[in-house]
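Computed from a predicted structure; not experimentally measured.
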Amino acid sequence: MGLSVSWDKDQGAYIPLRHHYLGAPKQISVEQVLNALKPVLENDKIQKVGHNLKFDFSILFRAGIHMKNLFFDTMVAFYCLDPSRSGHDLKDLASEYLGRQLTPIEELIPQKSSRLNRSLPMDQVQIEKVSLYASAEADCTRQLIEKLDPLLKEKRCDSLFYQIEMPLIEILADMELNGIKVDTVFLKKLDDRFSLEIHALESEAYGLAGQEFNLNSSKQLAFILFEKLKLPPARKTKTGFSTDEEVLESLIALHELPRILLKHRELSKLKSTFIDGLLAEVDPGTSRVHTSFNQSGTATGRLSSTNPNLQNIPIRTEQGRMIRRAFIPEKGFVLLSADYSQIDLRVLAHLSGDPVLTEGFNRGADIHRATAAEIYHVRLDQVTDEQRKRAKAINFGIVYGQQAFGLSQSLGISMNDAQNMIESYFHKYAGVREWIEKTKQEAKLKGFVRTLLGRVRYVPEINSKNGSMRSFAERTAINTPVQGTSADIIKAAMIKIYKHLDTQSGRPQVKMLLQVHDDLLLEVPEQHLEKTATSVREDMENAIRLSVPLIADLKTGANWADMEPFKG
DNA sequence: CACTAGTGCAA
DNA sequence: TATTGCACTAGTG
């Protein structure tokens, strides 16, 4: 993601900002490029020399602009045409369309692409190469415009592309540039604490095993557990016996070692991935981490996040929450999180039109409790915690196409009980079952499914003779419209929110930091909290009109773990 | 160094 | 035999 500056030395400069490429394909003057760049560059290190623009590319990097992803916007266009193709495929596709090979920017610059934003300054040779690349990119993009626009219209993906994905590019670029502040001192202390405990657990494990071994090796661990200690193996993987969490849990009653291993697994995961991994990505100058959002990386329309992935920061266990606690606002700011309440189920209610589910949301019910009441035939106030828990598991499972076996596993109940629960569910929510059947049929007929805003996902395997492939395709055919529509909705919300942020000298004072699928994280000046929260809520709840209300839960706090509901 | 497998974190 | 992701470590060639 990012902004890119492009020009052509013969025809003059055109297309200064990526998100203008396809939206407004036209040539513009060098002066217009200069003007467009001013708010970004804040200085005059860019000159017009003859018909060329001349500037030191390192100032772009100093301004925090990442040069990545060739043909970014055309990739997004290809993505709208078929999101199941990976980014690499999209590059090849672009080459096909233009009938020649494209050179990835990574080959022009000797640093690793993921470290591009730290490679400053570039030398003169590199600048020349990047300049050449930028010209070529702009030219190829212009040629692709004519080919892609009619395809988008033909598939009725043009409004998704022009109204949602293109406006989103600038927002994601902004979020990447903002980054999020990390309390590195806190994180390092945590690192020391975890290291000590991990070491102690290792010693303990060696004692119980009667020898030293690599606790991180599932192969060595399987040998210790199932051959040396003769514990009963529960499951096999392709290469040997499984030692995953579920298996270890089942062995706790038989031996002391598994409990130690589980504790060790949790801590070493937290240390290696989330503490060490995160610290390695922090900008030492600002203490902020800048993730990359991939806008064309998922089959459903969701975003993904890399280097580091900030969409999977722990929250469930207390020690995991310690990691989240390290994410803090800048001095004078607070964090504001705004997450959609049960958006997938609301989307399911809307798509299926099921009257019971719809009614539940319309009267503002606790939907898991309501589901429990429906399937257990009890009054709302008679629902037990256990019943609510199971209803919640069903509600989630339905969206993924879960069947009796899976439900029985996740709840630890018999296949029979699970089957009965599912039957009761579909009995009460008959509209959901009908929608599932209708959606599968349509997918078999057309070979694809769509989200509410028209995003397409092809599911060719749905007519496969291979039963497990077909079942998998059926589950994606059900899951994609739900997950994908939720993604459409939050993208629409981000665009509304961003548009309403007050700006000062071109940049919003309120900073959008992260999107985690149904959750937005913003950094807000303390004195603007009230009005920002109000407008964020407004924009999220009115992002798209469904047959059920959309509800956003707002929370604020001085770190990402300890947040209090926003009153108002 | 590139790749796979196993594992586990999130929505 | 529940979807969508990314990344870590071990192990292989």
Side-chain angles (χ1 to χ4, degrees), chain A residues 83-84 86 112 114 213-222 235-248 261-262 264-278 280-281 291-294 297-317 319-321 323-324 339-345 348 393-411 415 418-419 422 457 459 467-484 486-487 490 514-520 560:
Chain A
S84 21
S86 72
K112 276 189 71 176
S114 62
F213 66 102
N214 188 341
L215 275 76
N216 292 318
S217 163
S218 44
K219 193 180 166 194
Q220 294 181 36
L221 183 56
R235 248 180 318 112
K236 286 177 77 163
T237 64
K238 268 185 232 181
T239 54
F241 294 125
S242 171
T243 67
D244 69 11
E245 183 173 348
E246 198 191 322
V247 172
L248 294 183
L261 296 172
L262 284 165
H264 180 271
R265 282 254 175 94
E266 181 187 358
L267 288 178
S268 59
K269 174 77 171 185
L270 292 177
K271 175 172 161 57
S272 68
T273 302
F274 296 107
I275 299 183
D276 300 344
L278 204 55
E281 297 280 355
T291 188
S292 293
F293 288 106
N294 188 345
T298 70
T300 54
R302 279 186 170 186
L303 301 175
S304 70
S305 157
T306 55
N307 305 316
N309 180 358
L310 294 184
Q311 289 181 321
N312 71 339
I313 300 303
I315 190 170
R316 287 171 197 183
T317 69
Q319 278 174 312
R321 292 181 76 88
I323 310 280
R324 211 167 255 240
D339 74 288
Y340 276 116
S341 161
Q342 290 138 3
I343 189 166
D344 284 358
L345 285 178
L348 178 66
I394 287 212
N395 275 331
F396 276 102
I398 291 293
V399 174
Y400 301 135
Q402 190 182 47
Q403 295 182 344
F405 179 87
L407 187 65
S408 70
Q409 289 288 302
S410 62
L411 288 181
M415 276 276 272
Q419 188 58 53
I422 292 173
R457 179 170 185 184
V459 282
S468 71
M469 280 179 69
R470 193 174 58 245
S471 296
F472 189 81
E474 286 176 359
R475 290 196 296 275
T476 36
I478 298 311
N479 176 261
T480 294
V482 178
Q483 191 184 110
S486 300
I490 196 164
L514 299 175
Q515 186 253 50
V516 190
H517 311 309
D518 62 1
D519 202 353
L520 290 177
W560 197 12

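- Between A:Thr237 and B:dG6, a side-chain N or O to OP1/OP2 separation shorter than 4.0 Å is present.
- One can place CD of A:Gln311 at 8 Å from C1' of B:dA10, the figure rounded to the nearest angstrom.
- A:Tyr340 comes within 4.0 angstrom of nothing in the nucleic acid, heavy atoms only.
- A:Asn214 comes within 4.0 angstrom of sugar-phosphate atoms only, judged by non-hydrogen atoms across all strands, and of no base.
- For the atom pair CG (A:Leu261) and CZ (A:Arg265), the distance works out to 7.0 Å, reported to the nearest 0.5 Å.
- Heavy atoms of A:Thr476 sit under 4.0 angstrom from primed sugar atoms or phosphate atoms, though from no base atom.
- The NE2 atom of A:His264 sits 12 Å away from the P atom of C:dT9 (whole-angstrom rounding).
- Of the inter-residue distances, the one linking A:Trp560 atom CH2 with A:Arg321 atom CZ reads 11.5 Å to the nearest 0.5 angstrom.
- Summarising the geometry, the separation between CD on A:Gln515 and C1' on B:dA10 is reported as 12 Å, rounded to the nearest angstrom.
- Using a 4.0 Å heavy-atom criterion, one finds that A:Leu303 contacts no nucleic acid atom at all.
- For A:Ser304 and C:dC6, the shortest distance from a side-chain N or O to OP1 or OP2 is below 4.0 Å.
- OP1 or OP2 of B:dT7 sits under 4.0 Å from a side-chain N or O of A:Ser242.
- Distances from the side chain of A:Gln402 to the nucleotides C:dA2, C:dC6, B:dG8 place C:dA2 closest.
- Using a 4.0 Å heavy-atom cutoff across all strands shown, A:Lys269 reaches at least one base atom of the nucleic acid.
- Among the protein residues, A:Ile313 comes within range of the sugar-phosphate backbone only, with heavy atoms under 4.0 Å from sugar or phosphate atoms but none that close to a base.
- Comparing B:dG6, B:dA11, B:dC9 against the side chain of A:Ser218 picks out B:dG6 as the nearest.
- When the P atom of B:dT7 is taken as reference, atom NZ of A:Lys271 falls 23 Å away, rounded to whole Å.
- Under 4.0 angstrom from either OP1 or OP2 of C:dG11 there lies at least one side-chain N or O belonging to A:Ser217.
- If you check every strand for non-hydrogen atoms under 4.0 Å, A:Gln409 touches nothing.
- The phosphate of B:dG6 (OP1 or OP2) has no side-chain N or O of A:Thr243 nearer than 4.0 angstrom.
- Among A:Asn307, A:Asn312, A:Thr306, A:Ile313, the one residue that satisfies the side-chain contact (heavy atoms from CB on, under 4.5 Å) test with A:Asn309 is A:Asn312.
- Rounding to the nearest 0.5 Å places NZ of A:Lys271 at 14.0 Å from CD of A:Gln319.
- Remark: the A:Arg302 side chain and the B:dA11 base include a donor-acceptor N/O pair separated by less than 3.5 Å.
- Closest to the side chain of A:Lys238, from the set B:dG6, B:dG8, C:dA7, is B:dG6.
- Among the atoms of the strands shown, only primed sugar atoms or phosphate atoms (P, OP1, OP2) are found under 4.0 Å from some heavy atom of A:Arg457.
- At the heavy-atom level, A:Ala404 lies nowhere under 4.0 Å from the strands shown.
- One can place CG of A:Leu310 at 17 Å from P of B:dC9, the figure rounded to the nearest angstrom.
- A distance of 7.5 Å separates CG of A:Asp518 from CZ of A:Arg302, quoted to the nearest 0.5 Å.
- Backbone-only engagement by A:Arg475 is indicated by non-hydrogen atom pairs under 4.0 Å involving sugar-phosphate atoms exclusively.
- Remark: P of C:dG11 and CD of A:Gln220 are 5 Å apart, rounded to the nearest angstrom.
- Between the side chains of A:Thr291 and A:Ser305, at least one donor-acceptor pair of N or O atoms lies under 3.5 Å.
- Contact between the side-chain N/O atoms of A:Asn312 and the OP1/OP2 oxygens of C:dC6 is not found at any separation under 4.0 Å.
- Closest to the side chain of A:Arg324, out of B:dA10, B:dT7, C:dT4, is B:dA10.
- For C:dT3, its base sits under 3.5 Å from the side chain of A:Gln483 at one donor and acceptor pair at least.
- Taking every side-chain heavy atom of A:Phe405 into account, C:dA2 is the closest of B:dA11, C:dA2, B:dG6.
- Place A:Ser305 and A:Val399 on DNA chain C by their nearest nucleotides, and A:Val399 ends up nearer the 5' end.
- Among the heavy atoms of the strands lying under 4.0 Å from A:Arg265 are primed sugar atoms or P, OP1, OP2 only; no base atom is included.
- A:Lys219 has its NZ atom 14 Å from the C1' atom of B:dT4, to the nearest Å.
- A:Ser408 places none of its side-chain heavy atoms less than 4.5 Å from the side chain of A:Gln419.
- Put simply, CG on A:Leu267 is 15 Å from P on C:dT9, counting in whole angstrom units.
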